[in-house]
Amino acid sequence: MLIAFEGPIAAGKTTLATLYSAYSAGTLILEEFEKNEFLVDFYADKPRWSLPMQLSFALDRNAQWRRYEDQRSGLLVADYSPLKDSIFARTLMSARELRLFEKTIDAIKYRNLPVDLIVHLDATNPTLLGRIASRGRPFERQIDSTYQDQLRAAYALELKREGAPKTLWLDTTELDLDSEAQLSQVYAAIDSAR
């Protein structure tokens, strides 16, 4: 079984995937964003760097998913899903860049592990922007409410379409990670959605 956490930037995907993986004794898969040499450039000039950034992510994620193909008998918990590539590509790219991106993905026979459950996390924009500021990644300073709203709308469109993976929607605005009671409620919600 694969449970993937999704949502806007700083919604708590990595934190909750890590915590839930430990709680459930699942194998943790984390997005390796720091390997993407185009990410800093992208935040400085989104139109110019969207295509190379997304291609780099797709190639790295494809290689990562292939490493876990043989572990489908256990529980995999990831802080992103294979849907992320197409969601971001459609949000960020022009029509011709999107066509090139999709042709490239098709040509490499991009492999996605099937997702059994998406845990979609979200929070208010002030909460998300506060979390971004507190983690202090210089390249994320360009993220604003407009960009978060674009991502939120793209996720909603993708996850509410017919044939989308089963999705659990959780608001993390008021989530206190130091509260065992609150974390237990989150774990119980995920367990019951499985």
Side-chain angles (χ1 to χ4, degrees), residues 3-24 26-50 52-61 63-65 76-85 87-89 91-92 115 118-156 158-159 167-187 189-190:
I3 298 175
F5 288 73
E6 279 293 1
I9 298 162
K13 299 177 294 290
T14 300
T15 300
L16 285 175
T18 302
L19 291 170
Y20 186 76
S21 169
Y23 157 81
S24 63
T27 299
L28 181 63
I29 304 170
L30 296 178
E31 181 179 39
E32 299 169 338
F33 70 89
E34 63 281 341
K35 291 172 73 175
N36 192 322
E37 62 185 320
F38 300 100
L39 190 59
V40 171
D41 297 317
F42 164 76
Y43 280 113
D45 185 355
K46 288 185 180 93
R48 164 66 181 92
W49 295 101
S50 294
M53 181 203 61
Q54 280 308 124
L55 284 173
S56 181
F57 270 134
L59 292 169
D60 289 344
R61 291 172 183 152
Q64 188 176 37
W65 287 124
L76 301 176
V77 180
D79 69 347
Y80 72 97
S81 78
L83 297 174
K84 189 169 195 168
D85 295 304
I87 288 171
F88 273 74
T91 302
L92 299 170
V115 179
I118 298 274
V119 179
H120 182 275
L121 306 175
D122 201 354
T124 63
N125 282 334
T127 300
L128 297 175
L129 296 177
R131 290 175 185 167
I132 290 168
S134 70
R135 64 190 186 191
R137 295 177 187 156
F139 61 89
E140 290 184 334
R141 288 187 192 130
Q142 305 299 322
I143 297 171
D144 59 15
S145 293
T146 301
Y147 183 54
Q148 294 285 44
D149 289 339
Q150 289 173 329
L151 295 177
R152 188 177 285 115
Y155 274 111
E158 180 69 23
L159 295 174
T167 303
L168 172 66
W169 302 80
L170 295 176
D171 187 329
T172 64
T173 303
E174 300 294 330
L175 181 61
D176 178 0
L177 295 174
D178 293 323
S179 169
E180 286 297 322
Q182 286 188 29
L183 287 176
S184 292
Q185 289 177 337
V186 169
Y187 301 155
I190 296 170

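Because the structure is a prediction, the values reported are computed rather than measured. Residues: numbered from 1 along the sequence shown.
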Polar contact flag, side-chain donor to acceptor under 3.5 angstrom, Thr127-Thr124: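 Note: Thr127 and Thr124 side chains meet the donor-acceptor criterion.
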Donor-acceptor pair between Tyr80 and Glu6 side chains, under 3.5 angstrom: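 Side-chain D/A pair, Tyr80 to Glu6: absent.
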Verdict with supporting geometry, Val119 and Leu16, side-chain contact (heavy atoms from CB on, under 4.5 Å): CA-CA 10 Å; Val119 179; Leu16 285 175; over 6 Å; no
Checking the side chain of [X] only, and the main-chain atoms of [Y] only, is there a donor and an acceptor separated by less than 3.5 Å?
| X | Y | result |
| --- | --- | --- |
| Thr18 | Thr14 | yes |
| Gln64 | Leu30 | yes |
| Asn36 | Met53 | yes |

CD/Glu34: more than 12 non-hydrogen atoms of other groups inside 6.0 Å: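 For Glu34, atom CD is crowded (more than 12 foreign heavy atoms under 6.0 Å).
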Which pair of heavy atoms, one from [X] and one from [Y], lies closest together, and at what distance?
| X | Y | value |
| --- | --- | --- |
| Tyr155 | Pro8 | CE1-N, 4.4 Å |
| Gln142 | Tyr43 | CG-O, 3.2 Å |
| Ser21 | Thr27 | OG-C, 4.1 Å |
| Arg135 | Ile9 | NH2-CG2, 3.3 Å |
| Asp176 | Gln182 | N-OE1, 2.7 Å |
| Val115 | Ser81 | CG2-CB, 4.2 Å |

Aromatic ring pairing His120/Trp169, orientation class (parallel under 30°, perpendicular over 60°, tilted between):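 Tilted, since the angle between the ring planes falls between 30° and 60°.
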Mutual orientation of the aromatic rings belonging to Phe33 and Phe139 [parallel < 30°, tilted 30-60°, perpendicular > 60°]: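 Aromatic pair Phe33/Phe139 classed tilted.
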Candidate pair Asn125 and Arg152, rule side-chain contact (heavy atoms from CB on, under 4.5 Å), full reasoning: CA-CA 10 Å; Asn125 282 334; Arg152 188 177 285 115; 3.1 Å; yes
Asp122 CG to Leu128 CG distance, which is reported to the nearest 0.5 Å: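 Reported value, rounded in 0.5 Å steps: 6.0 Å.
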Derivation and outcome, salt bridge (charged side-chain N to carboxylate O under 4.0 Å, His left out), residues Lys84 and Glu31: CA-CA 11 Å; Lys84 189 169 195 168; Glu31 181 179 39; 3.3 Å; yes
Option passing side-chain contact (heavy atoms from CB on, under 4.5 Å) with Thr15 (candidates Leu177, Asp79, Leu121, Thr172):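 Passing option: Leu177.
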Evaluation steps, salt bridge (charged side-chain N to carboxylate O under 4.0 Å, His left out), between Arg48 and Asp41: CA-CA 9 Å; Arg48 164 66 181 92; Asp41 297 317; over 6 Å; no
Full working for side-chain contact (heavy atoms from CB on, under 4.5 Å) between Ile118 and Phe5: CA-CA 6 Å; Ile118 298 274; Phe5 288 73; over 6 Å; no
side-chain contact (heavy atoms from CB on, under 4.5 Å) between Leu19 and Leu183, intermediate numbers included: CA-CA 9 Å; Leu19 291 170; Leu183 287 176; 4.1 Å; yes
